[in-house]
Amino acid sequence: RVAFLPPAQRHAMELLRRGLQDVTAAATAAVEARRDAASGAGAPRGEKEKAAGGGEGKPLDAVLKGFKDLRAVLQPAAAAGANYLKGDDWGGTGRPRSAASAAPELAVPFGEAWAAYCAANPRLRDPRALPALTRRGVPPELRTAVWSHCLGVDAAAAAAAAAEALGAANARAPETSWGAEVARPAEEEEAGAAALAPEEPIGGRPEVTPERIPERASSAKAAATAPEELRETPRSTSARETPRSSSASPRGSEAGGRSEEAAMIGGAGLLPHRINELIEADVLRTFPSVQAFQATDGPNQLRRVLRTLAAGDPDLGYCQSLNFLAATFITVLGDESAAHLALRQLLVKLGTRCWYTDGMQQLRADTVVLEELIRERLPAVHAALRAHRFDLLFVSSKWFMCLFSTTLQDEALMRVWDVIMCDGIEAVFRVALAMFSLGAPGILGATAHDDLIFLFQDWQLSASPGEIIAAAYDPKAVGHISRAELAQRRRQAAMQVTKGDTRDAMFRNKCARGGVRAASMRTR
């Protein structure tokens with residue numbers, strides 16, 4: 001197994017092996033010397049101790065000396081291995097390293113390191129080798145292979161997934177799959193009304209969710225101050241049950257219930273008219289100035305990928321922001337079938353499928369986790385946000401749902417997605433914390449709530465892609481984030497959000513039915 005380790009780790013393992021052999025030999029000699037001395041046989045005790053310990057004194061002195069020598073030679077190797085794992089131009093302190101202090105392993109080109117990783121036995125691969133490579137930055141010519149490897153995407157699996165989604169769409173009868181709304185019990189009607197009603201956020205601050213702003217804006221001022229991405233129909237639409245319009249007009253209900261045949265990957269399938277309209281609107285405004293996306297027939301591929309995704313997963317349906325994720329995959333992978341499977345695999349790997357479903361409970365829960373991490377790691381930034389009563393959901397709904405694709409551009413976005421493909425949800429939180437850390441001067445300089453709104457609407461970082469990744473994995477700025485600890489925090493936050501939603505739904509239902517005063521319900 002040592003043969004498949006990086007050079008620095010192989011060197012450390014060899015030193016460890018030799019040191020343990022020396023210590024074992026010294027310990028064996030010491031035990032034999034003591035045994036001979038106890039039995040009175042063999043050479044005199046002093047000579048035995050000298051032979052075992054290298055001099056006069058206790059026999060175990062040689063063992064202690066061997067361990068000290070072993071630690072002395074292992075510490076430099078361990079430091080070199082740690083620097084190797086931290087990235088290409090980063091020594092672990094947030095500052096670029098000089099060429100003289102760089103680990104010699106980094107001189108190996110990325111292509112050779114990637115080929116050695118792929119050639120190794122999958123069971124014997126170092127789990128830290130691939131994260132180290134992705135933090136160095138994946139070359140554009142190898143990005144397709146690296147992302148496909150991280151998500152388990154291949155041509156056969158992509159074609160099978162697209163065929164399965166198309167078959168599922170065509171297997172549904174028009175009158176039963178997407179058909180007109182059926183009558184529901186009174187309890188379900190009240191639950192649906194409660195789900196469409198405005199929800200009170202955690203902590204009592206006003207909630208800014210992507211699905212509420214277009215239909216719930218009560219004034220022209222609120223609509224004007226909302227970001228462009230949030231003003232243009234950013235709401236989740238489930239393919240199994242289309243949400244009702246706020247106006248509840250017969251025409252809107254008829255449009256939401258009618259199904260039509262639409263072009264998908266590998267053929268045509270049935271899709272609700274309302275979902276098709278939302279997809280068409282989002283395709284037209286997805287990366288209009290990105291030449292790599294537009295030159296490869298990206299809009300048409302994106303249209304088919306989103307339709308196939310909505311038809312194959314009725315519970316998920318379609319939600320705005322999925323268009324940016326699919327467009328990024330199309331730009332890098334260059335194949336619509338691979339992009340469709342990669343998008344499905346990404347939602348599973350990150351555990352973020354509930355970001356795009358009705359209610360967006362997991363997104364609100366992850367916003368709570370992000371706020372806790374900012375409070376712990378960036379207390380000054382957290383104090384400034386609290387002082388202006390700024391709701392982090394305004395930022396997380398834009399950064400998380402699009403995975404920074406509407407905030408970062410070009411190589412910065414690609415470098416961030418490199419680490420997300422490999423490290424998963426941990427990298428998402430790390431990059432978010434890094435962006436808050438790098439943008440701390442602007443946040444601390446804000447004098448009003450509106451200043452923060454405009455700052456995050458037109459978020460511009462002067463940091464280079466390498467500096468963003470370095471800050472994301474800087475132990476002084478971000479610190480250690482355990483995946484197990486992060487998973488536990490997300491579960492606890494999700495439970496908290498679920499309990500809050502249940503309590504608010506009960507409150508609204510009780511108030512609607514009468515008999516219980518609002519203040520009395522709030523105290524329970």
Side-chain angles (χ1 to χ4, degrees), residues 134 137-138 140 143-144 146-147 150-151 210 227-234 236 278-279 281-296 298-299 301-303 305-306 309 318-334 336 338-340 342-347 349-350 352-353 355-356 360 363 366-367 370 394-425 427-436 438-439 456-461 463-465 468-469 472:
T134 55
V138 182
R143 190 160 278 141
T144 299
V146 174
W147 287 17
C150 293
L151 297 177
E228 181 180 359
E229 294 86 350
L230 302 181
R231 290 201 303 265
E232 300 175 345
T233 64
S236 173
L278 292 177
I279 290 176
D282 286 345
V283 166
L284 298 178
R285 61 181 177 216
T286 302
F287 295 156
S289 59
V290 178
Q291 184 64 23
F293 175 71
Q294 298 291 334
T296 57
Q301 293 189 65
L302 176 61
R303 189 177 289 109
V305 168
L306 296 179
L309 180 68
Y318 174 73
C319 176
Q320 187 185 22
S321 297
L322 292 173
N323 55 315
F324 293 105
L325 304 184
T328 304
F329 279 126
I330 291 173
T331 304
V332 174
L333 302 181
E336 58 187 26
H340 168 252
L343 181 55
R344 291 176 52 180
Q345 297 287 80
L346 180 66
L347 299 183
K349 180 171 185 174
L350 300 184
T352 57
R353 189 175 179 276
W355 283 1
Y356 310 96
M360 300 181 178
L363 176 64
D366 289 340
T367 304
L370 178 61
F394 181 87
V395 177
S396 63
S397 60
K398 181 178 181 180
W399 290 2
F400 283 6
M401 295 185 68
C402 298
L403 291 182
F404 310 100
S405 58
T406 59
T407 305
L408 302 176
Q409 297 178 356
D410 302 330
E411 186 61 20
L413 177 62
M414 295 294 102
R415 289 288 302 273
V416 167
W417 273 52
D418 288 342
V419 296
I420 290 177
M421 294 300 109
C422 183
D423 292 338
I425 192 65
V428 177
F429 282 94
R430 282 187 174 276
V431 172
L433 290 174
M435 294 179 65
F436 275 109
L438 296 173
F456 288 108
Q457 278 184 356
D458 190 20
W459 185 264
Q460 297 292 336
L461 286 178
S464 64
I468 296 176
I469 302 302

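A quick note: this is a predicted structure, and the numbers were derived from the prediction, not measured.
Between W399 and F456, the ring planes are perpendicular. Angles over 60° get that label, and only those under 30° would be called parallel.
Of the inter-residue distances, the one linking L278 atom CG with Q320 atom CD reads 9.0 Å to the nearest 0.5 angstrom. Annotation: the span from R344 atom CZ to L151 atom CG amounts to 13.0 Å, rounded to 0.5 Å. If you take CG on L306 and CG on D282, they are separated by 8.0 Å, rounding to the nearest 0.5 Å. Taking SG from C319 and CE from M401, the interatomic distance works out to 4.0 Å, rounded to the nearest 0.5 Å. If you take CG on L433 and CG on L370, they are separated by 6.0 Å, rounding to the nearest 0.5 Å. Taking OG of S405 as the start and CH2 of W417 as the end, the distance is 6.0 Å to the nearest 0.5 Å.
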From CA spacing to verdict: side-chain contact (heavy atoms from CB on, under 4.5 Å), V428, L403: CA-CA 7 Å; V428 177; L403 291 182; 4.0 Å; yes

Derivation of the side-chain contact (heavy atoms from CB on, under 4.5 Å) call for M414 and V332: CA-CA 9 Å; M414 295 294 102; V332 174; 3.6 Å; yes

Worked check of side-chain contact (heavy atoms from CB on, under 4.5 Å) between V419 and R430: CA-CA 10 Å; V419 296; R430 282 187 174 276; over 6 Å; no

Criterion side-chain contact (heavy atoms from CB on, under 4.5 Å) on F436 and V395, from CA distance to verdict: CA-CA 11 Å; F436 275 109; V395 177; 4.2 Å; yes

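When all heavy atoms are compared, the tightest approach of A327 to T286 is CB-CG2, 3.6 Å. What you find for L347 and Y356 is that their closest heavy atoms are CD2-CE1, 3.6 Å. For P299 against V283, the heavy-atom pair with the smallest separation is O-CG1, 3.5 Å. Between C402 and L325, the shortest heavy-atom contact is O-CD2, 3.5 Å. Between H340 and V305, the shortest heavy-atom contact is CA-CG1, 4.0 Å. Among all heavy-atom pairs drawn from M435 and T407, the shortest one is CE-CG2, 3.6 Å.
Contact of the F329 side chain with the L346 side chain is registered, since non-hydrogen atoms from C-beta on lie closer than 4.5 Å. Side-chain contact check for L302 versus F293: some heavy-atom pair is nearer than 4.5 Å. For the pair L350/I420, a side-chain contact is recorded, criterion being any heavy-atom separation below 4.5 Å from C-beta on. Residues S397 and M360 have side chains not in contact (no heavy-atom distance under 4.5 Å, counting atoms from C-beta outward). Side-chain contact between V138 and M421 is absent, with no heavy atoms from C-beta onward closer than 4.5 Å.
By the side-chain hydrogen bond (donor to acceptor under 3.5 Å, both in side chains) test, T367 pairs with S396, sequence neighbours left out. Partners of R143 under the salt bridge (Lys or Arg N to Asp or Glu O under 4.0 Å) rule, at least two apart in sequence or in another chain, are E411, D418.
Between F429 and F400, the ring centre distance stays below 6.0 Å. For F324 and F287, the ring centers are positioned less than 6.0 Å apart.
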